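Every value quoted in this text rests on a predicted model; they were computed, and no experiment measured them. Both backbone and side-chain heavy atoms feed into the values below; hydrogens, waters and symmetry mates do not.
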Amino acid sequence: MTHRKIGYFDVEGSCYVAKPGRWRGKYVISEDGEEVQEKLCTTLHENEEDACAEGMQLGVEAARRLMKEREGFDPGEV
């Protein structure tokens, strides 16, 4: 599991075994310990690393959108 802070949000990217030999990414966005958004990625991957990377990437993109909606600016991928 990887973690990144985007503006006010904490993004955690992870993955899980979706079916034998296939992995799916997932992300959770939280603020002050409260979960704001959770999503399972749709793409099936052949390895854990790619699936987790997709979860992190999509989580960061979603958190950047949330910051844009809330504060009117995109904090980037810091």
Problem set entry | Interatomic spacing from CD in E38 to OG in S14 - rounded to 0.5 Å | 8.0 Å
Seminar exercise, completed: Hits for salt bridge (charged side-chain N to carboxylate O under 4.0 Å, His left out) against R64, two or more places apart or cross-chain, chain-then-number order -> D74, E77
Validation: residues 40-59 side-chain donor-acceptor distances under 3.5 Å, sequence neighbours left out:
| residue | atom | partner | partner atom | Å |
| --- | --- | --- | --- | --- |
| T43 | OG1 | E54 | OE2 | 3.4 |
| H45 | NE2 | E54 | OE1 | 2.9 |
| N47 | OD1 | E49 | N | 3.3 |
| N47 | OD1 | D50 | N | 2.8 |
| N47 | ND2 | D50 | OD2 | 3.1 |
| Q57 | NE2 | E61 | OE2 | 3.0 |

Problem set entry | Heavy-atom pair of closest approach, residues G76 and I6 | O-CD1, 3.7 Å
For this session: Take F9 and Q37 through the test side-chain contact (heavy atoms from CB on, under 4.5 Å) and record every step on the way to the result.
Result: CA-CA 10 Å; F9 303 107; Q37 193 175 66; over 6 Å; no
Pair up each side-chain donor or acceptor in residues 25-35 with any protein partner under 3.5 Å, not counting sequence neighbours, and list the distances.
| residue | atom | partner | partner atom | Å |
| --- | --- | --- | --- | --- |
| E31 | OE1 | R70 | NH1 | 3.4 |
| E31 | OE1 | R70 | NH2 | 2.8 |
| E31 | OE2 | R70 | NH1 | 2.7 |

Exercise. Can you tell if the side chain of Y16 reaches within under 4.5 Å of the side chain of R24, non-hydrogen atoms only?
Worked result: yes
